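Working notes for the structure below.
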Amino acid sequence: MGTLLETPEQECLKQCLVEEDTEAWQTDPDFSGLKRVGGVDLSFIKGDEINACAQLVILSYPQLEVQYEVSEMVNLSAPYIAGFLAFREAPPLLQLLQRLEKEQPSLILSLSLPLSLYQSISLTLGQALRSSGSSTKPVYVSVGHRISLATAVRLTLSCCRYRVPEPIRQVNTHAHTHTLLF
DNA sequence: GCGACAG
DNA sequence: ATCTTGTCGC
């Protein structure tokens, strides 16, 4: 985040960030070649700051039907601090991706293309868009790795049945469900 | 001191 | 993030 101080780790990651398209499907008008899209999230319970439910879903593309989902209760080591979200949430989410790789090798995302969506974000790093027909609330799409902002926005729109992109919407549903069970 | 501030 | 159910409308 522009105004915030950055850690050495964050500076390093920023230098490695590739903000251009690197895959063939990204420049195809219909994203031909893209077979799956995924979403990850973390859910919490009211007064608990360390226990959370990590969730991962994989959807087919362009059908956008859930093909795989995993949930796992995790303990978060880092506290929530604006600007340092990844230090808190990335570890358990990456762990789920490794679990996917081990349990369902066929569903692995051929290349990791982080495309993050937040309820708000510095606009210098992303773009606000009206994802569904007449929705007033914008959806913010941030820059990703190995995917241009323009493509990220186009892909996000192609994943929207409703305002919230389907991968995010599905993972939220599953996350909430599983959180309520523990 | 004031405003900003992803979950 | 989380606290909460139904309800009105396209």
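Everything numeric here is computed off the predicted structure, so don't read it as measured data. In what follows, every chain begins at residue 1, and chains take the letters A, B, ... in the order their sequences are listed.
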Next on the checklist: In whole Å, I'd like the distance from the CG atom of N172(A) to the C1' atom of dA1(C).
Outcome noted: 11 Å
Checklist entry - Roughly how many Å is it from CE in M73(A) to C1' in dA1(C), rounded to a whole number? => result 13 Å
Could you go through residues 7-17 of chain A and list every donor-acceptor pair under 3.5 Å that involves a side-chain atom there, pairing it with any protein atom two or more places apart or in another chain?
unit_1, atom_1, unit_2, atom_2, d
T7(A), OG1, E9(A), N, 3.4
T7(A), OG1, E9(A), OE1, 3.3
T7(A), OG1, Q10(A), N, 3.1
T7(A), OG1, Q10(A), OE1, 3.4
Q10(A), OE1, T7(A), N, 3.0
Q10(A), NE2, G83(A), O, 2.9
K14(A), NZ, E6(A), OE1, 3.4
K14(A), NZ, E6(A), OE2, 2.9

Checklist entry - How is the base pairing of DNA chain C summarised as a dot-bracket string, given the Watson-Crick and G-U wobble criteria with both distances under 3.5 Å, [ ] for crossing and | for another strand? => result ..........
Suppose the criterion is salt bridge (Lys or Arg N to Asp or Glu O under 4.0 Å): which pairs have a residue in [range], not counting sequence neighbours?
range: residues 126-138 of chain A; result: none
range: residues 162-182 of chain A; result: E166(A)-R169(A)
range: residues 48-68 of chain A; result: E49(A)-R88(A)

Checklist entry - Do D21(A) and T151(A) meet the criterion of a side-chain donor-acceptor pair at a distance under 3.5 Å? => result yes
Next on the checklist: My understanding is that only residues two or more places apart in sequence, or in another chain, count here; which of them pass salt bridge (Lys or Arg N to Asp or Glu O under 4.0 Å) with E72(A)?
Outcome noted: R99(A)
Checklist outcome for this item: For F87(A), the ring-ring contact (aromatic ring centres under 6.0 Å, His included) test, sequence neighbours excluded, returns none
Would you tabulate the pairs of protein nitrogen or oxygen atoms and nucleotide nitrogen or oxygen atoms of nucleotides 2-8 of chain C closer than 3.5 angstrom?
unit_1, atom_1, unit_2, atom_2, d
dT2(C), OP1, F44(A), O, 3.4

Next on the checklist: I'd like to check the side-chain hydrogen bond (donor to acceptor under 3.5 Å, both in side chains) partners of S135(A); sequence neighbours left out, ordered by chain and number.
Outcome noted: S132(A)
Item to check | Canonical and wobble pairing (Watson-Crick, G-U, under 3.5 Å) of DNA chain B, dot-bracket with | | outcome: .......
Checklist entry - Could you give all pairs that pass the side-chain hydrogen bond (donor to acceptor under 3.5 Å, both in side chains) test and reach residues 37-46 of chain A, with sequence neighbours left out? => result none
Item to check | ring pair (Phe, Tyr, Trp, His ring centres under 6.0 Å) contacts in which one or both residues fall within residues 27-49 of chain A, not counting sequence neighbours | outcome: W25(A)-F31(A)
